[in-house]
Amino acid sequence: MACSEVCKEVELKQEQEEACTKDGTIDWHGQPAIKAKSGQWTAGIIILLNQGLATLAFFGVGVNLVLFLTRVLGQNNADAANNVSKWTGTVYIFSLVGAFLSDSYWGRYKTCAIFQVIFVIGLVSLSLSSYLFLIKPKGCGDEETKCGSHSGFEIALFYLSIYLVALGNGGYQPNIATFGADQFDKNDLKEGHSKVAFFSYFYLALNLGSLFSNTILGYFEDEGMWALGFWVSSGSALAALVLFLAGTTRYRHFKPSGNPLSRFSQVLVAATKKCNIDMPLDADSLFDVDRNDSSINGNRKILHTNEFKFLDKAAYISTRDIDDQKKGIYTPWRLCPVTQVEEVKCILRLLPIWLCTIIYSVVFTQMASLFVEQGAAMKVIVLNFRIPPASMSSFDILSVALFIFLYRRILDPLVSQLRKKSSRGLTELQRMGIGLIIAILAMVSAGIVECYRLKYANKDCIHCEGSSSLSIFWQVPQYAFIGASEVFMYVGQLEFFNAQTPDGLKSFGSALCMTSISLGNYVSSLLVTMVMKISTEDHMPGWIPGNLNKGHLDRFYFLLAGLTTIDLVVYIACARWYKCIKLEGKGDENDDERGSFNKV
């Protein structure tokens with residue numbers, strides 16, 4: 001009878017363990033998350049819809065902000081472009097702030113909720129200020145009707161509003177992708193597959209929201225209906241916030257891990273203090289703690305690796321450390337656990353991969369700048385309808401949707417069948433490499449189109465919009481190539497940084513993706529400046545003059561193709577060198593395969 005009771009207790013305990021997630025997530029009440037009652041696609045779909053609505057709201061402002069500054073506020077093209085660049089850069093800077101607060105103190109749910117509230121406040125303020133103060137006389141702001149002058153207070157209110165939008169979206173964006181991934185238990189085989197699929201659908205939701213903004217809202221705003229466009233954005237952001245809050249009890253959460261800057265500093269200081277110590281060959285003698293120890297806040301332990309051995313000295317137990325332990329003294333600035341040391345190693349290993357993505361972002365940013373200028377100089381009238389050059393980005397979004405479907409439903413299963421040792425498809429690093437190859441094809445395609453555009457262009461034109469007889473639809477291949485490359489590069493990048501960052505730095509991993517795009521904008525601007533300075537010597541018009549028919553934009557595209565090729569070679573070297581994070585528990589071997597570039 002006693003034996004039967006013991007067996008029942010053991011079975012009950014096993015059932016309870018099976019019912020809970022194995023990755024350490026908790027529910028709204030702080031208890032271990034129960035699989036059947038939390039997370040999975042119920043929470044995932046709510047987050048995908050939230051992302052689509054929030055993206056629609058953000059790009060409803062951002063897509064035509066430069067036109068608002070010139071038509072409504074009366075700024076010249078140079079000042080307007082500069083102000084938009086500052087605003088865009090600020091969005092990505094705020095992404096680091098949001099990631100820091102999320103990983104350190106607030107957690108991802110609270111951070112997303114707070115910054116979405118700020119986002120809504122900024123949009124409502126922008127809508128009110130535009131309707132009440134800026135759009136005067138009523139109906140101004142289109143191509144024909146100029147708006148009147150504005151007071152300093154009205155201008156200040158406008159800038160306060162758009163920077164609240166930047167703060168809200170910037171702080172929210174890197175956390176929502178990671179929070180969505182948190183809803184799937186990586187240690188569960190079925191949920192692990194769903195987690196990988198989530199990133200593809202997340203990027204699709206982002207692009208679908210952007211598609212509506214670039215087409216419908218962009219049309220309304222281009223026609224001077226600015227207040228209507230901003231109110232639609234406000235309503236979309238409010239709907240996203242309400243939807244997000246409605247799923248509160250369903251979400252899974254990771255506990256914030258405290259300030260990562262102090263943890264990183266402790267490792268560097270402790271290793272420096274012991275720089276003259278000879279390390280033992282046996283890594284088992286290094287200091288470590290249990291998972292439940294407060295120093296790692298319940299996060300999964302990271303196993304020791306052999307790279308950056310200097311940092312291992314921070315975990316070496318010296319005679320002084322032994323004496324301190326006998327006295328009950330623990331000084332984290334002299335002795336750090338292996339998991340804390342490995343956190344620093346993880347970030348150091350990620351940096352070369354991250355740096356290689358910046359050149360890709362330079363290519364990506366051309367879609368919003370030089371592609372549009374190139375399109376404006378082509379034949380834009382088709383069947384008596386004028387095609388706005390900026391609307392060609394719709395082909396990029398359609399390409400993203402198509403290639404996500406092709407990859408998820410055809411390519412990934414096909415590659416999985418060809419693998420002998422694993423049921424997985426291409427690894428994240430391999431997909432990012434494919435993205436770079438497709439980006440090279442995009443630049444070559446754009447360069448070839450520009451060669452033919454120049455061949456059929458009127459080089460003596462004064463106002464050169466539509467000066468070439470080559471149809472703007474010849475740009476479709478380069479937009480399609482960019483869209484395809486995004487599916488492999490940016491989706492792979494999101495998955496890679498989420499999988500390879502420690503549990504306490506997941507939002508920081510997503511923020512790295514956003515800062516890559518930001519730095520791509522800055523590098524692109526620097527590159528254009530350098531090219532123009534060199535190519536305009538001896539009174540030459542340069543590669544990218546105001547009149548593209550007198551320049552050589554094709555050479556700039558081919559230059560980017562060359563730089564991306566060099567970047568690809570460097571990336572392959574870095575990817576082959578990269579060693580994956582090794583977490584304690586199940587799935588270590590699988591994780592190692594997912595991140596590997598050399599997987600056969």
Side-chain angles (χ1 to χ4, degrees), residues 21 25-61 91 94-95 97-128 161 164-185 194-195 198-199 201-202 204-206 208-209 212-213 230-256 506-507 510-511:
T21 56
T25 50
I26 58 175
D27 61 17
W28 173 248
H29 302 289
Q31 301 299 316
I34 299 174
K35 285 185 179 182
K37 297 182 179 180
S38 65
Q40 302 188 62
W41 279 114
T42 302
I45 290 173
I46 292 175
I47 291 172
L48 290 176
L49 292 173
N50 169 269
Q51 168 66 10
L53 291 168
T55 302
L56 187 158
F58 177 73
F59 283 103
V61 174
V91 173
F94 284 143
S95 73
V97 175
F100 175 79
L101 291 172
S102 171
D103 288 335
S104 303
Y105 305 111
W106 290 352
R108 284 183 267 282
Y109 171 80
K110 186 176 181 180
T111 305
C112 287
I114 290 174
F115 279 104
Q116 281 189 86
V117 170
I118 296 172
F119 186 45
V120 171
I121 292 172
L123 285 168
V124 171
S125 175
L126 176 62
S127 303
L128 284 172
S161 301
L164 281 174
V165 171
L167 173 61
N169 185 263
Y172 150 86
Q173 197 62 45
N175 293 296
I176 194 65
T178 311
F179 188 57
D182 290 346
Q183 307 311 309
F184 303 95
D185 186 354
S194 297
K195 185 170 190 170
F198 173 82
F199 287 105
Y201 296 134
F202 179 86
L204 178 62
L206 186 151
L208 291 177
F212 184 87
S213 298
F230 293 157
W231 278 118
V232 171
S233 291
S234 301
S236 180
L238 181 60
L241 174 61
V242 171
L243 185 64
F244 179 78
L245 295 176
T248 296
T249 57
R250 182 76 192 190
Y251 299 136
R252 297 174 183 173
H253 309 265
F254 280 102
K255 293 180 181 179
K506 296 294 186 184
S507 296
S510 297

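- At least one donor-acceptor pair closer than 3.5 Å links the side chain of T248 to the backbone N or O of L245.
- Distance CG/L164 to CD1/I118: 7.5 Å, rounded to 0.5 Å.
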Show, in sequence, the C-alpha distance, side-chain angles and deciding distance for I47 and I176, and conclude whether the side-chain contact (heavy atoms from CB on, under 4.5 Å) test is met.
CA-CA 7 Å; I47 291 172; I176 194 65; 3.8 Å; yes
Could you give me the CA-CA distance, side-chain angles and deciding distance for Y109 and F244, then say whether ring-ring contact (aromatic ring centres under 6.0 Å, His included) is met?
CA-CA 9 Å; Y109 171 80; F244 179 78; 5.3 Å; yes
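- Although no hydrogens or angles enter the test, the distance criterion places a donor-acceptor pair under 3.5 Å between the side chain of T111 and the main chain of G107.
- Nearest heavy-atom pair, F199 versus A177, reported as atom, atom and distance to 0.1 Å: CE2-O, 4.3 Å.
- The shortest distance between side-chain heavy atoms of D103 and R108 falls below 4.5 Å.
- Shown here for F230 and L126, the closest heavy-atom pair between the two residues is CD1-CG, 3.9 Å.
- Here the shortest heavy-atom pairing between F198 and G44 reads CE1-O, 3.9 Å.
- Here the shortest heavy-atom pairing between N175 and S507 reads OD1-OG, 2.7 Å.
- Taking the six-membered ring for Trp and thresholds of 30 and 60 degrees, Y251 and F179 have ring planes more than 60 degrees apart, a perpendicular arrangement.
- Side chain to side chain, S38 and R252 meet the donor-acceptor criterion of an N or O pair below 3.5 Å.
- Atom CZ in F119 sits 8.5 Å away from atom OG in S234 (nearest 0.5 Å).
- The minimum heavy-atom distance between P256 and S102, with the atom names listed, is CB-O, 3.8 Å.
- Of the possible polar contacts, none joining the S236 side chain to the V232 backbone as a donor-acceptor pair under 3.5 Å is found.
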Derivation and outcome, side-chain contact (heavy atoms from CB on, under 4.5 Å), residues Q183 and T42
CA-CA 9 Å; Q183 307 311 309; T42 302; over 6 Å; no
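- Counting only heavy atoms from C-beta outward, the side chains of V91 and F58 approach each other to under 4.5 Å.
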Is there a side-chain contact (heavy atoms from CB on, under 4.5 Å) between Q31 and I26? Walk through the geometry before answering.
CA-CA 5 Å; Q31 301 299 316; I26 58 175; over 6 Å; no
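- Judged by distance alone, the side chain of T25 and the main-chain N or O of T21 form no donor-acceptor pair under 3.5 Å.
- In summary, R250 and D27 do not engage in a salt bridge, as defined by a charged side-chain N under 4.0 Å from a carboxylate O.
- Between the CG atom of N169 and the CZ atom of F115 there is a distance of 11.0 Å, given to the nearest 0.5 Å.
- We find the CZ-CG distance between F212 and L56 to be 5.5 Å, quoted to the nearest 0.5 Å.
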Could you go through L128 and W231, starting from their C-alpha distance and side-chain angles, then the distance that decides it, and tell me whether this counts as side-chain contact (heavy atoms from CB on, under 4.5 Å)?
CA-CA 9 Å; L128 284 172; W231 278 118; 3.8 Å; yes
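- Judged purely by atom type and a 3.5 angstrom limit, Q40 has no side-chain atom pairing as donor or acceptor with the backbone of F184.
- Distance check, rounded to the nearest 0.5 Å: CG of L241 to CD1 of I121 gives 9.5 Å.
- When atom types are taken as modelled, the side chain of D182 and the backbone of H253 share no donor-acceptor pair closer than 3.5 angstrom.
- Closest of all the heavy-atom pairs between P174 and A99 is CG-N, 4.4 Å.
- The distance from the CG atom of L53 to the CG atom of L48 is 11.0 Å, given to the nearest 0.5 Å.
- Between the side chains of Y201 and Q51, no donor-acceptor pair of N or O atoms lies under 3.5 Å.
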